[in-house]
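Note: hydrogens, waters and symmetry copies are ignored here, and every other heavy atom, side chains too, is used. So you know, we letter chains A, B, ... as the sequences are listed, proteins then strands, and number each from 1.
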Amino acid sequence: MSEISFTPDDSLYRNRDSLSEDYTPSTIVGRDNEISQYHAALQPVINGERPNNIFLYGKTGVGKTAVTSYLLGQLQDDSEKFDVDLTVISLNCEGLNSSYQVAVNLVNKIRTPEHHISKTGHPQYEVYEFLWNELDDLGGTVLIVLDEVDNIGESDSILYQIPRARSNGNINDAKVGIIGISNDLAFRENLSPKVRSSLCEKSISFPPYDATELEAVLEQRAEVAFHEGALGDGVIQLCAAYGAQDAGDARKALDLLRGAGDIARAENADTVTTTHVKNARDELEREELMDGIADLADHQQLVLYALTTLEAESETPARSQTVYQRYQELAEVAALDSRTSRRVRDFLADLSTLSIVVSSQRNDGLSGGQYREHKLKHDVETVLSAMSDLIERVGIHQSVRQTIADSDRVMISTTFDS
DNA sequence: TTTCCACAGGAAGGTACGGTCT
DNA sequence: AGACCGTACCTTCCTGTGGAAA
């Protein structure tokens with residue numbers, strides 16, 4: 001084996017980290033309108049008045065979180081200057097699907113680790129009680145930032161409990177304001193009316209970035225991230241164009257640019273080219289799919305496997321019933337007891353929202369009624385490779401035997417070639 | 001125009017689990 | 001130990017749906 005060593009490689013990047021998600025640039029590009037609304041909504045804080053409840057909504061990667069951390073950072077600096085007692089508590093609600101869990105996490109956010117409470121077991125009123133006490137102890141003005149708040153779904157009680165805590169006498173010493181950030185545009189409409197009126201005192205909508213704005217964002221970051229001349233012609237434009245296609249998502253556009261840079265660096269290229277961008281896009285899409293599949297529970301994967309075998313037999317699009325039958329066969333072979341068809345319909349709907357399968361409704365009237373049809377969104381080989389663990393356990397279905405054998409051969413030969 | 005197929009998907013309730021409290 | 005809590009994950013039951021056929 002040849003000698004292995006690591007040497008720094010900074011031929012392309014000046015500061016790669018400035019392309020990552022948690023980097024807050026010193027100025028925000030292309031969100032002037034939103035920033036001025038947001039700024040006005042935060043003004044009462046510095047006046048020592050009761051803070052507004054603010055609701056931000058817009059798709060992922062349109063700058064909601066970035067603008068928030070930028071403005072709140074500024075606000076904290078200024079509150080020190082003007083001697084305002086301000087505490088900001090930020091909580092990302094990803095994976096928290098009830099008000100109860102949000103309340104537990106808020107309490108733990110304020111408390112020191114040795115006084116953390118457990119995520120289950122407490123009655124709901126008790127957790128709220130803990131929360132009011134902690135907030136009162138903090139005193140002054142407290143801003144609670146709930147990022148991705150749409151995760152809590154229907155259970156939105158905390159969103160009206162907090163704004164009313166003061167008038168209900170649960171809190172006496174603190175002035176509390178909520179800043180809710182949502183990726184789901186429908187979330188606001190689905191809130192119960194009493195929540196909507198209190199939480200959405202000030203609503204600020206963040207529209208998707210258009211291609212020109214994305215270019216400006218990418219230019220700004222690239223200037224810090226890359227050496228001069230490291231980016232080839234059209235690289236920024238292409239990343240921006242893809243980003244605009246992906247619902248104006250700046251995060252994805254930045255990931256893409258970094259991915260392209262990484263590929264170029266691995267190839268020891270002098271510049272990043274549009275080819276690198278295209279390869280990075282394929283790579284990112286593939287990674288997204290692999291992650292999505294790996295996170296699925298056993299029976300969900302088994303349903304996907306069932307659909308995959310049908311796809312390999314060119315039997316797709318297949319209706320839910322057909323998928324269900326194949327699923328039952330596979331479950332039998334694997335000695336797992338199968339779920340009901342109702343449950344499998346839910347699984348298929350999940351796979352569809354995850355963009356792993358594509359489903360469409362059909363209706364053949366009297367001679368067939370209404371039904372759904374499903375097919376894979378990606379090619380059989382990619383999906384199979386993401387499910388290798390499951391397949392190892394339940395066995396290889398004859399319809400995909402050849403595909404798996406082929407891909408193994410490819411893997412082995414490339415290992416020896418390189 | 002009316003009929004009716006065959007499933008979609010909402011509603012409600014059951015069960016098991018990891019936790020707290022007394 | 002045993003009552004109780006919130007939640008994930010299922011099942012059972014059932015109403016709703018849209019368009020081809022009659």
Side-chain angles (χ1 to χ4, degrees), chain A residues 91-109 111 113-134 146 148-162 184 186-187 189-190 192 292-307 310 315-328 330-332 334-354 356-375 390:
Chain A
L91 179 67
N92 189 313
C93 303
E94 191 186 348
L96 309 178
N97 28 27
S98 70
S99 281
Y100 179 88
Q101 293 171 346
V102 170
V104 168
N105 277 272
L106 282 175
V107 170
N108 286 342
K109 204 94 199 182
R111 291 190 175 184
E114 59 270 26
H115 292 108
H116 277 189
I117 58 173
S118 127
K119 295 183 198 331
T120 52
H122 303 283
Q124 183 149 342
Y125 71 87
E126 198 174 52
V127 177
Y128 282 138
E129 207 60 37
F130 290 149
L131 183 57
W132 308 142
N133 291 339
E134 294 302 329
L146 299 176
E148 303 190 35
V149 66
D150 44 306
N151 279 292
I152 69 166
E154 307 280 284
S155 139
D156 53 12
S157 73
I158 195 166
L159 298 181
Y160 64 84
Q161 292 285 354
I162 292 180
D184 180 0
F187 179 68
E189 312 309 318
N190 294 338
S192 49
I293 292 178
D295 288 343
L296 297 174
D298 278 2
H299 282 273
Q300 266 171 317
Q301 280 200 21
L302 201 54
V303 169
L304 179 58
Y305 187 32
L307 183 62
L310 289 166
E315 296 291 327
T316 52
R319 52 201 289 172
S320 308
Q321 264 311 306
T322 319
V323 179
Y324 184 58
Q325 279 163 21
R326 177 60 55 86
Y327 157 80
Q328 283 183 306
L330 291 173
E332 171 130 35
L336 294 167
D337 37 336
S338 50
R339 302 287 176 253
T340 56
S341 63
R342 176 71 188 85
R343 189 76 188 116
V344 168
R345 284 206 289 276
D346 278 343
F347 290 155
L348 284 167
D350 290 346
L351 292 171
S352 172
T353 36
L354 289 169
I356 297 172
V357 315
V358 182
S359 307
S360 56
Q361 195 125 16
R362 292 278 315 269
N363 193 332
D364 289 351
L366 263 181
S367 58
Q370 200 167 75
Y371 57 92
R372 285 182 143 266
E373 282 186 334
H374 316 272
K375 63 180 189 308
L390 177 93

Could you tell me whether the phosphate oxygens of [N], OP1 or OP2, come under 4.0 Å of any side-chain nitrogen or oxygen in [X]?
X        : N      : value
A/Arg345 : B/dA8  : yes
A/Thr340 : C/dT11 : yes
A/Asn97  : C/dA8  : yes
A/Ser98  : C/dG6  : no
A/Arg319 : B/dC7  : yes
A/Arg343 : C/dC10 : yes

Separation of [X] atom [atom1] from [N] atom [atom2], in whole Å?
X        : N      : atom1 : atom2 : value
A/Phe347 : C/dT11 : CZ    : P     : 8 Å
A/Tyr100 : B/dT20 : OH    : P     : 10 Å
A/Ile117 : C/dG6  : CD1   : C1'   : 13 Å
A/Tyr128 : C/dC5  : OH    : P     : 16 Å
A/Tyr324 : B/dA6  : OH    : C1'   : 16 Å

Charged tip of A/Arg319 within 45° of A/Tyr371 ring normal and under 6.0 Å: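 Verdict for A/Tyr371: a cation-pi partner in A/Arg319.
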5'-most by nearest nucleotide on DNA chain B - A/Asn363 or A/His374: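 The residue whose closest nucleotide sits nearer the 5' end is A/Asn363.
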A/His122 ring center near A/Phe130 ring center (under 6.0 Å):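 Ring centroids of A/His122 and A/Phe130 are less than 6.0 Å from each other.
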Over 12 non-hydrogen atoms of neighbours within 6.0 angstrom of NE2 in A/His115: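 No - once you tally the heavy atoms of other residues, nucleotides and ligands closer than 6.0 Å, there are 12 at most.
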Distance-only donor-acceptor test (3.5 Å): side chain A/Arg372, base B/dG9: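 Answer no: no donor N or O sits under 3.5 Å from an acceptor.
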Donor-acceptor contact present, side-chain A/Asn108 to main-chain A/Ile117, <3.5 Å: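 Flag set: sc A/Asn108 to bb A/Ile117 pair under 3.5 Å.
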